[in-house]
Amino acid sequence: MKEETVSGDQRLLELRNRIDNIDSEIARLISERASCAMEVAEVKKATGEDALYYRPEREAQVLRQAMERNTGPLTDEEMARLFREIMSACLALEEPVKVAYLGPEGTFTQQAALKHFGNSAQSRPLAAIDEVFREVEAGAVNYGVVPVENSTEGVINHTLDNFMNSNLSICGEVELRIHHHLMISDVTRPESITRIYSHAQSLAQCRKWLDAHYPNVERVAVSSNADAARRVKGEWNAAAIAGDMAAELYGLKVLSEKIEDRPDNSTRFLIIGTQRVPASGDDKTSLMVSMRNAPGALHDMLEPFRRYGIDLTRVETRPSQSGNWTYVFFVDLKGHCDTADIAEALKEVGACASDLKVLGSYPRGVL
Ligand SMILES: C=C(O[C@@H]1C=C(C(=O)O)C=C[C@H]1O)C(=O)O
């Protein structure tokens, strides 16, 4: 028995020594990688004043390679997340990237910004989607992060409408699994809850659960989930629906976990900026198309895509801001706009449209 303990201790010591050696090797390699990134910055700087340090297509390739190379035991996603952070730190050595997101702190949009840019980005919460657009346009930040669609509740109109009056492009996308929890503060009496705060989208994503568990409780829509969490602090008869980040930020206790009606509930966010992103090998393109109001207009718009075998992943319709009962179509397709087939199809669509704008080609969300 005693001998076994000794050999167990011995084994632990040996393994920890091995880990220490591996760690110093990893540290040496990370430093070498960081020095390389600094040299890359010099090369980019030599190209001119407004050198672009952040390169979405390259980052997507690095993450995809990390996943393809992986042989376990870590999952592909876990491996890519580690590389996400290494790259984030390397990019910060070149130039810290400044990002504005739809705040306040603790929202899912902040989580999306972190997922996309990593922890070394400088991020700033703003109160409204319009403000995120404005701040990027003004050059106060390099990129903005805004929600664009939810798998349960559909499109976020406000984001699409902003593109009608903006010259910004889409530089990337990020998808986030959205888990909602019912949370309370330390003064809340769970049996006395008469009010539940959350963002309207989140209340809608948990509608069935609320009908089943709190049918007679007032649902109060507020400006964000984080705002809901903040209000609950100090209210003995209220609860909030929000995510992990908000619970942690406001020190709330989770009463019921993962209460979203659909287990695959997820939200897609866009990275907006001023950059044209080269092809990464697995890309998407977003378009905004206005058609003259005539019979067959929608068919005319879609037909070239069918003919060139282009895969449309989404078509949304929004009222145009120029006249009643005229519409703007937001179209997402697979592929980069520099690809010959897509370029040809766009030329044909452009010829029959009253306006066609490529909002951007960007790497498909990796993580
Ligand atoms: C090093 C580069 O710059 C940045 C950092 C990257 C990295 O650390 O791998 C990748 C792309 C850029 O955002 C590069 O462009 O290669």
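Heavy atoms only: backbone and side chains are in, while hydrogens, waters and symmetry mates are out. Keep in mind the model is a prediction, meaning the values are calculated, not measured. First listed ligand is number 1; within each ligand, the first listed atom is number 1.
Annotation: ligand 1 has protein neighbours R33, V40, K44, Y53, Y54, R55, R58, E59, M87, C90, L91, E94, each with a heavy atom less than 4.0 angstrom from the ligand.
Shown are T109, I272, L102; of these, the side chain to side chain contact (heavy atoms under 4.5 Å, CB included) with I129 is made only by L102.
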Would you be so kind as to tabulate the donor-acceptor pairs closer than 3.5 Å made by side chains of residues 242-254, with sequence neighbours excluded?
unit_1, atom_1, unit_2, atom_2, d
D244, OD1, H181, NE2, 2.8

Give the table of side-chain donor-acceptor pairs shorter than 3.5 Å for residues 86-96, with sequence neighbours excluded, one pair per line with atom names and distance.
unit_1, atom_1, unit_2, atom_2, d
S88, OG, F117, O, 2.8
S88, OG, S120, N, 3.0
E94, OE1, K44, NZ, 3.2

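Through direct or indirect side-chain contacts shorter than 4.5 Å among Ile, Leu, Val, Met, Phe, Trp and Tyr, L210 is connected to L182, I184, I193, I196, L203, W209, Y214, V217, I241, L255, I259.
For the residue pair E85 and N119, a side-chain donor N or O sits within less than 3.5 Å of a side-chain acceptor on the partner.
At most 12 heavy atoms of other shown residues, nucleotides or ligands fall within 6.0 angstrom of atom CZ in R18.
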